[in-house]
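Below: the structure, in structure tokens.
Note that ligands are numbered from 1 as they come in the structure, with each ligand's atoms numbered from 1 the same way. Model, not experiment: these values are computed from the prediction.
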Amino acid sequence: MVASFAHTVRSGFLAGELAAREPALTVRLQRGLGVAEERLRGFAAEAEDPYVARIVGHLIGTGGKRLRPLLALVGAEFGERDPGIAVDTAALAELVHVASLYHDDVMDQARTRRGAPSANAMWGNSVAVLAGNWLLAKAARVAAELGPEILQLQARVTNRLVTGQIRELTGASAGEDALSHYFAVVAGKSASLIAMALQSGAIRTGTPETTVQALAAYGEHLGTAFQIADDILDITAASEVSGKEQGKDLAVGVASLPVLLALANEGPEAEELRELLTAAGRGREGAAVVPRAVALLRDGGALAEAEAMMRTRMLRARSALDGLPEGAATRMLYALCDVVADRDH
Ligand code: FPP
Ligand code: MG
């Protein structure tokens with residue numbers, strides 16, 4: 001079993017009760033994840049220059065939760081063809097994700113990712129951006145080999161990822177509600193790729209269109225909930241557990257959901273938080289503001305409110321599954337809602 005698959009199991013996505021309840025499916029998914037992992041590592045190794053291969057392979061090699069490959073393989077279970085043929089869609093989804101992380105860590109000035117130094121920390125911003133471009137070009141080739149429908153999907157989703165990130169940077173437009181803006185950003189930068197993973201796996205195995213659409217809707221809601229959980233974990237998770245720096249969003253002044261909710265309140269706490277984040281955003285205080293900002297978010301109830309919103313999205317994800325055929329793959333998607341909602345990294 002490859003290292004990062006072991007990580008997927010440890011992280012709970014295929015662990016414990018779920019694996020015990022659906023043993024045949026779990027074994028099939030484990031096998032698929034192992035093959036997808038080999039493909040992923042193989043893509044990086046295809047770089048002609050060994051030094052480039054090392055750079056583009058860096059974040060693949062550090063592992064990760066591999067949620068997107070897992071979802072591609074579960075999506076493939078709904079079709080009429082052998083789900084084994086969907087391993088390339090699993091690798092494709094992770095390839096796009098990893099490419100986006102190279103760029104994201106430059107934008108967020110992140111020093112660590114997946115428990116290791118970020119690519120920008122190791123080789124600088126320019127090299128990290130170019131490595132992301134290399135991986136995205138590789139993803140386009142893989143998608144082209146999977147046919148025009150998957151290539152078009154991958155291109156549309158890449159546009160959505162980039163649009164989401166640009167909108168995060170530009171902030172809400174004049175008169176736009178801050179929460180609507182937040183959810184538009186999250187739909188683009190996170191939910192779109194999670195939905196794509198499910199869709200591409202399902203398309204690959206010839207799944208009926210209505211089921212593909214239900215899986216896409218599930219993915220959009222699950223992806224939004226996943227990103228809200230990420231926002232909460234940025235504030236609450238110790239870096240040894242998350243593999244990222246605790247409070248990074250706060251330190252660079254990113255408006256995550258708990259922060260938006262806290263700032264929407266009146267009163268001295270919101271005012272104090274606004275001042276702390278403005279100072280952090282200007283780069284004056286950075287990490288120094290984090291402990292006090294965390295306390296304000298926890299004590300003022302913003303973290304609890306964000307968690308309630310995450311659980312509402314999870315209920316919508318579950319509702320999207322209503323139209324799916326009864327079976328092990330559908331049960332797996334229900335169970336994943338609980339695992340994602342309760343994740344600690
Ligand atoms: C993590 O968000 C980042 C994303 C989910 C998407 C990033 C997308 C881009 C940079 C657009 C470019 C895309 C490609 C494919 C090259 P986060 O910073 O909130 O989460 P984190 O805690 O994991 O850093
Ligand atoms: Mg980031």
Open item on the list: Suppose we only allow N, O or S atoms; which atom of D108 ends up nearest to the Mg ion (ligand 2)?
Closed with: OD2

Open item on the list: If I consider every N, O or S atom in D104, which one ends up closest to the Mg ion (ligand 2)? I only need its name.
Closed with: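 Atom name returned: OD2.
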
TODO: Report yes or no: do Y218 and D322 form a side-chain donor-acceptor pair below 3.5 Å?
DONE: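 No.
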
Open item on the list: Side chains of T224 and Q227 only: does a donor on one sit below 3.5 Å from an acceptor on the other?
Closed with: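 No, because no side-chain N or O of T224 sits under 3.5 Å from a partner of the opposite role on Q227.
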
Task: Polar contact flag for H103 and ligand 1 (N/O pairs, less than 3.5 Å) - done: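 Among all N and O atoms of H103, none is under 3.5 Å from an N or O of ligand 1.
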
Open item on the list: Looking only at distances, can you tell me whether any N or O atom of Q227, backbone or side chain, sits closer than 3.5 Å to an N or O atom of ligand 1?
Closed with: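 N/O-N/O distance below 3.5 Å exists for this pair.
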
TODO: Take every heavy atom of G132, measure it against each atom of ligand 1, and state whether any distance is under 4.0 Å.
DONE: no

Open item on the list: Quick check on R113 - does any of its heavy atoms sit under 4.0 Å from an atom of ligand 1?
Closed with: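 In this structure, R113 qualifies as a contact of ligand 1 - some heavy atom is under 4.0 Å.
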
Task: Protein residue, atom and distance nearest to atom 1 (C) of ligand 1, heavy-atom basis - done: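 That would be D104 OD2, 3.4 Å.
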
Where's the contact between [X] and ligand 1, heavy-atom distance under 4.0 Å: side chain, backbone, both or neither?
X	answer
L136	side chain
K189	both
D230	side chain
D108	side chain

Open item on the list: Check D49 with R54, please: is the shortest side-chain N to carboxylate O separation under 4.0 Å?
Closed with: no

Open item on the list: One pair to check against salt bridge (Lys or Arg N to Asp or Glu O under 4.0 Å): R160 and E220. What are the steps and the verdict?
Closed with: CA-CA 12 Å; R160 287 186 65 193; E220 295 278 343; 2.9 Å; yes

Task: E176 atom CD: more than 12 heavy-atom contacts under 6.0 Å - done: yes

TODO: Evaluate whether atom CZ of R141 has more than 12 neighbouring non-hydrogen atoms of other residues, nucleotides or ligands under 6.0 angstrom away.
DONE: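 No, the 6.0 Å shell around CZ holds no more than 12 heavy atoms from other groups.
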
- [ ] Specify whether an N/O/S atom of D249 falls short of 2.8 Å from the Mg ion (ligand 2).
- [x] no

Open item on the list: Under 2.8 Å from the Mg ion (ligand 2), can any N, O or S atom of D105 be found?
Closed with: no

TODO: Decide yes or no for V129 and N120: does some side-chain heavy atom of the first lie under 4.5 Å from some side-chain heavy atom of the second?
DONE: no

TODO: List the steps, then state whether salt bridge (Lys or Arg N to Asp or Glu O under 4.0 Å) holds for D104 with R113.
DONE: CA-CA 10 Å; D104 183 66; R113 165 72 68 182; 3.2 Å; yes

- [ ] Look at atom 9 (C) of ligand 1 and find which of Q165, R160, E168 reaches it with the closest heavy atom.
- [x] Q165

Open item on the list: Does anything in residues 53-84 form a ring-ring contact (aromatic ring centres under 6.0 Å, His included)? List the pairs, not counting sequence neighbours.
Closed with: H58-W123

